[in-house]
Amino acid sequence: ETGVTQSPTHLIKTRGQQVTLRCSSQSGHNTVSWYQQALGQGPQFIFQYYREEENGRGNFPPRFSGLQFPNYSSELNVNALELDDSALYLCASRDGRGASYGYTFGSGTRLTVV
Amino acid sequence: AQTVTQSQPEMSVQEAETVTLSCTYDTSENNYYLFWYKQPPSRQMILVIRQEAYKQQNATENRFSVNFQKAAKSFSLKISDSQLGDTAMYFCAFMKLSGGGADGLTFGKGTHLIIQP
């Protein structure tokens, strides 16, 4: 079984630009969540999608948005990039057995905003 | 809102020793899950062990075990017979049961564990 894959692995953008990060969830996983991990910090929850609908959101502004597709892959879009958006963005997926079984994480996309 | 605190930014032990990483959390929830994740330099978060709050028995996974004290809101990780491959960042994480996990995981700031040869 394949794991969670994210693309690209690294990205450099200019302040004010828009960016799209992509995630392919593990086979059979219908729930995808996104996290932002600033340098030296723990990941912070951005939002979660279940069967193409956003069903949970952390304390992030609306310029952070997402999509989940019928094959359960997902995108994270960030508009009007700010310098503080520089971070590692992690995608995580889980199957329908329940959240207690934990999430499978990808290796992340390192976004640098200059 | 939940908070997770890891008070040890960095720990270093010799190979084969036992090490305990500390984690405390604050919540008004009664039903929740707790996790320890490992993040090596490859950046991928790897689930080490999980604990359901309603279970009094501490979880174990091979060399990894937890000491879960619900009343004290404490959830420490013990690694026995530590190996060089255990070197990584370790994150404690909380997830409430209500809402089916839709609020995601709340992580601590992590502990950098270094296993010395």
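The structure presented is a predicted model; accordingly, all values stated were derived computationally and were not measured.
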*Any side-chain heavy atom of Lys70(B) sitting closer than 4.5 Å to one from Tyr32(B)?*
yes
*Using the test ring-ring contact (aromatic ring centres under 6.0 Å, His included), find all partners of Phe60(A) that sit at least two apart in sequence or belong to another chain.*
Phe64(A)
*Highest number of heavy-atom pairs under 4.5 Å with chain B: which of Gln37(A), Arg57(A), Glu54(A), Gln44(A)?*
Gln37(A)
*asked:* So, using salt bridge (Lys or Arg N to Asp or Glu O under 4.0 Å) as the criterion, who are the partners of Lys73(B) when residues are at least two apart?
replied: Asp26(B)
*Using non-hydrogen atoms only, which part of Tyr50(A) is less than 4.5 Å away from chain B: side chain, backbone, both, or neither?*
neither
*asked:* Any donor-acceptor pair under 3.5 Å linking the side-chain atoms of Glu52(B) with those of Tyr33(B)?
replied: no
*Among Met45(B), Gln39(B), Met89(B), Lys109(B), who wins on heavy-atom pairs under 4.5 Å with chain A?*
Met45(B)
